[in-house]
2 protein chains.
Amino acid sequence: MAQVRPMRADARRNYERLLKVAAEAFAEHGESASLDDIAKRAGVGSGTLYRHFPTRQALLEAAYVGRVEALGSRADELAAQLPPGEALTEWLYELCVGSIQVRGLKALLGSAVTDGSTAALTACGTTVRGAADRLIEAARADGFLRADLEPVELLRLAHGVTTAAELADGKGTRIRRYLALVTEGLRA
Amino acid sequence: MAQVRPMRADARRNYERLLKVAAEAFAEHGESASLDDIAKRAGVGSGTLYRHFPTRQALLEAAYVGRVEALGSRADELAAQLPPGEALTEWLYELCVGSIQVRGLKALLGSAVTDGSTAALTACGTTVRGAADRLIEAARADGFLRADLEPVELLRLAHGVTTAAELADGKGTRIRRYLALVTEGLRA
DNA sequence: TACCATGCGGAGAGAGCCCCCGGTTGGCAA
DNA sequence: TTGCCAACCGGGGGCTCTCTCCGCATGGTA
C-alpha cells in the first residue's frame with residue numbers, strides 16, 4: 001500500500017530549493033520566518049510550498065533533519081573518544097550551542113521532547129532521543145549520573161538551560177556555566 | 001519637568017478597562033493574544049489601546065504589575081515563616097507555577113532577567129530581582145546555596161525550569177521535580 | 001456657557017497565513 | 001515522435017493581525 005511513485009522532476013527540484021532556502025531563512029529569522037517569503041525566495045508560489053510542507057513544523061523539521069542527524073552521530077563519536085561523563089557533558093554543550101546559534105533548531109528540538117506533541121514525533125525526536133539514551137546509559141553505568149534521571153528529562157532540562165543562556169546574552173556565552181550549575185547542583 | 005497633570009476621566013476609565021481585559025486575555029491566550037481584540041473587548045478603538053500602551057510589552061507589564069508585586073511580598077512572607085533554604089525553594093516553586101498558569105506572565109518575567117533588554121527593565125524587573133536578592137542572600141548565609149551564584153542567574157535558571165516543565169505536560173506537574181533536580185544536581 | 005486641548009475611534013495600509021483552482025508540463029504509452 | 005492526462009504549478013484572494021493617522025467628540029476650566 002501507499003505506492004510511492006517517485007516525484008516528478010519539477011516537483012523534486014522545487015522541493016529541494018525550498019529546503020535550502022528554508023534552512024537559511026529559519027537560521028536567520030528564527031522559527032517564525034515568513035513562509036510566503038521563503039516561497040518567493042525559492043522562486044515558487046506559496047501554494048507549492050504548502051503542498052510540500054503542510055505546516056510550518058513540517059518544513060522546519062525537513063530543513064533540519066540533517067543537522068539533527070549530525071547531532072546523533074556526534075554522540076557516538078564523543079562516546080568513542082571520551083569517558084562517559086565527559087562525552088555526555090560535551091554533547092549537551094554542543095546541543096545547546098546549536099540550539100542557540102541555529103535559530104529555529106531550538107524550537108524543533110523542543111517539540112521533539114514535548115509530551116502532548118502530535119503522536120509520533122518523527123525522525124528528529126527519535127534520533128535525538130536515541131543519542132541521549134546511549135550517552136546517558138553509559139554515563140549512568142559509570143556512576144556519573146543519578147539513577148532516577150530519565151533521558152527525556154535531561155533533554156528537557158538542556159532545553160531549559162538553553163533558554164536561560166539565551167536570556168543572559170542571546171549568544172550562548174553562558175551555556176557552559178549554566179550546564180555546570182545544573183549538573184553539579186546549586187547547593188553550597 | 002514632566003509636568004504630570006492628572007488623566008482626564010474618560011482616559012482613566014479606558015485605561016483601567018484595558019488593563020482588566022488585557023490581564024484576562026493574556027492569561028487565556030498567552031502573550032500573543034490579539035491586541036485589537038483586547039481593544040474591542042474593552043469597548044475602545046485600537047488607537048486608544050496603542051496610545052496608552054505603545055507596545056505589547058508595555059501592556060503586558062502594566063497588566064501584571066500587581067501579580068509581580070504579590071510575588072515580591074510573598075517572598076518576605078515566606079522568609080518570615082520558613083528557614084532560608086525552604087523559603088527560597090518554595091518561592092521559586094510559586095514563581096514557576098505562576099509562570100505556567102498565568103500565560104503571559106512567563107514572558108514578562110523572562111524579559112525582566114534578559115540582559116540585552118531595553119535600558120531600565122522597569123518595575124517588574126526591580127521587584128522580582130529584589131525579592132530574589134533577599135531570599136538568596138539569606139539562603140547563602142545559611143550555607144544552603146553555593147557562594148558563586150548570582151541572583152539573576154538563579155532567576156534565569158528558574159525560567160529555564162519552567163520551560164522544561166512546560167515541555168513535559170504544559171501544566172506544571174513536573175516543576176517540583178525539575179526544581180529539585182537542578183538544586184541538588186544531576187550527579188549520582 | 002463657551003472654548004480648546006486632550007483624548008477617542010475606526011478606517012486603512014502593510015504583512016502574513018493558507019486555500020483554492022485554472023493553467024501548465026513531465027513522463028509514459030502507443 | 002506524438003499525444004494524453006495525472007501531477008504539479010503559481011499566485012490571486014479571503015482572512016487575521018498590527019499599528020498609524022486624522023477628523024471628531026468631550027471633559028475640564030475660565
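In what follows, chains are A, B, ... by sequence order, proteins preceding strands, each numbered from 1.
- With a cutoff of under 4.0 Å to any heavy atom of chain A, the contacted region of DNA chain C is bounded 5' to 3' by C:dG16 to C:dG27.
- What you find for A:R103 and A:Y64 is that their closest heavy atoms are O-OH, 3.6 Å.
- Salt bridge present: A:R41 and A:D37 bring a charged side-chain N and a carboxylate O closer than 4.0 Å.
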Reading nucleotides 7-14 of chain D 5' to 3', which nucleotides get B (base under 4.0 Å from a protein heavy atom), which S (sugar-phosphate only), which -? BSBBBB--
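- The environment of CZ in A:R146 is crowded: more than 12 heavy-atom neighbours from other residues, nucleotides or ligands sit within 6.0 Å.
- Salt-bridge annotation for B:R56 and B:E61: absent, with no side-chain N of the basic residue lying under 4.0 Å from a carboxylate O of the acidic one.
- A salt bridge is defined here as a Lys NZ or Arg NE, NH1 or NH2 lying under 4.0 Å from an Asp or Glu carboxylate O, and B:K106 with B:E166 meets this definition.
- Taking the charged nitrogens against the carboxylate oxygens, A:R12 and A:E16 do have a contact shorter than 4.0 Å, which makes a salt bridge.
- Between the NE2 atom of B:H29 and the C1' atom of D:dT16 there is a distance of 14 Å, given to the nearest Å.
- With respect to A:R174 and A:D169, no salt bridge is recorded, no charged nitrogen being found less than 4.0 Å from a carboxylate O.
- Heavy atoms from other residues, nucleotides or ligands lying under 6.0 Å from CZ of A:R74 number more than 12.
- Contact annotation for A:A42: no contact, since no heavy-atom pair falls under 4.0 Å across all strands.
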